[in-house]
Amino acid sequence: ASCRRSLFSSEELRSAYLRTLLTATSDIINNKRHLLGDKVCYTHFCRLLVAMKANNQLADLAKLDQYSDWIRALAAFTVTSFENWEWAGTSTHYLVTLWARLTLSIPYMRGELPTYLDSLVPQVTQAYIDTRLKAVAEAVKDDDLATFFEESSIQEHVHFMPTLCRHVYASTFQFLCSRVHPLRQQ
């Protein structure tokens, strides 16, 4: 996923390379999820996804035909990963980083290419918040908050949350209120 632009002799070759990356990662997410059953493989796959965004501009990805399927598959994969927080572990940080980088790229988009992030970022953010609340509730139930705070890398996860929460602030605020108000009543 990390190739210099100058490596490609034309923009068409670079676009073909990016299309291959999007198609291959979508295929893994949609059809070969069993390959991600190994934690090491899963972590490296999440790192690959982050590298794809770190080394390519959102505009370059969004102009490809495969982008809409890829970003939707990526959102579903991320939500599923967050829902399986006990297993995903350290990969959560990579996924939060990826979505923050995607979100931070929106102001730099050239033209009117659809990013689909206005609908997908709130889904990802809400899934993350829900799973973190479940993880805390589980730790409280097990009387094991000390282990939770040691193992969960909270600082790494929370670092990018303001970026995600601000993207579509109104829906995120309503969602947070719907989750926090019942907790205050307990």
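Residue numbers count from 1 along this sequence.
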Transitively linked via ILVMFWY side-chain contacts under 4.5 Å: [X] with [Y]?
X: Ile28; Y: Leu95; answer: yes
X: Val168; Y: Phe160; answer: no
X: Leu18; Y: Leu13; answer: yes
X: Leu176; Y: Trp99; answer: yes
X: Tyr116; Y: Met52; answer: yes

Kindly say whether Phe175 contributes a backbone atom to a donor-acceptor pair with the side chain of Ser178 at under 3.5 angstrom? yes
With distance as the sole test, does Tyr67 use its side chain to make a donor-acceptor pair with the main-chain N or O of Thr115 at under 3.5 Å? yes
Apply side chain to side chain donor-acceptor pair (under 3.5 Å) to residues Tyr128 and Thr92 and explain how you reach the verdict. CA-CA 9 Å; Tyr128 177 80; Thr92 300; over 6 Å; no
In terms of heavy-atom contacts, does CZ of Arg14 have more than 12 from other residues, nucleotides or ligands at under 6.0 Å? yes
Just checking Asp143: does its CG atom have more than 12 heavy atoms from other residues, nucleotides or ligands closer to it than 6.0 angstrom? no
So which of Trp70, Tyr42, Phe82 actually passes ring pair (Phe, Tyr, Trp, His ring centres under 6.0 Å) with Phe77?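 Option passing the ring pair (Phe, Tyr, Trp, His ring centres under 6.0 Å) with Phe77: Tyr42.
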[atom2] on [Y] to [atom1] on [X], rounded to 0.5 Å:
X: Asp118; Y: Ile106; atom1: CG; atom2: CD1; result: 6.0 Å
X: Thr103; Y: Leu120; atom1: OG1; atom2: CG; result: 10.0 Å
X: Thr163; Y: Arg166; atom1: OG1; atom2: CZ; result: 5.0 Å
X: Asp60; Y: Ser15; atom1: CG; atom2: OG; result: 7.5 Å
X: Ser105; Y: Leu61; atom1: OG; atom2: CG; result: 9.0 Å
X: Leu164; Y: Gln126; atom1: CG; atom2: CD; result: 11.5 Å

How far apart are the closest heavy atoms of [X] and [Y], and which atoms are they?
X: Thr125; Y: Cys165; answer: CG2-SG, 3.9 Å
X: Thr97; Y: His93; answer: OG1-O, 2.8 Å
X: Ile71; Y: Ser68; answer: CG2-O, 3.4 Å
X: Leu113; Y: Ala59; answer: CD1-O, 3.6 Å
X: Thr25; Y: Phe45; answer: O-CZ, 3.8 Å
X: Lys53; Y: Arg101; answer: CE-O, 3.6 Å

Does the side chain of Leu117 come within less than 4.5 Å of Leu58's, by heavy atoms? yes
May I ask you to test the Leu74-Leu102 pair for a side-chain heavy-atom distance under 4.5 Å?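 Yes; the side chains approach each other to less than 4.5 Å.
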Walk me through it: do Leu21 and Tyr17 pass the test side-chain contact (heavy atoms from CB on, under 4.5 Å)? CA-CA 6 Å; Leu21 273 176; Tyr17 169 73; 3.7 Å; yes
Leu133: which of Thr131, Ile129, Val136 passes side chain to side chain contact (heavy atoms under 4.5 Å, CB included): Ile129
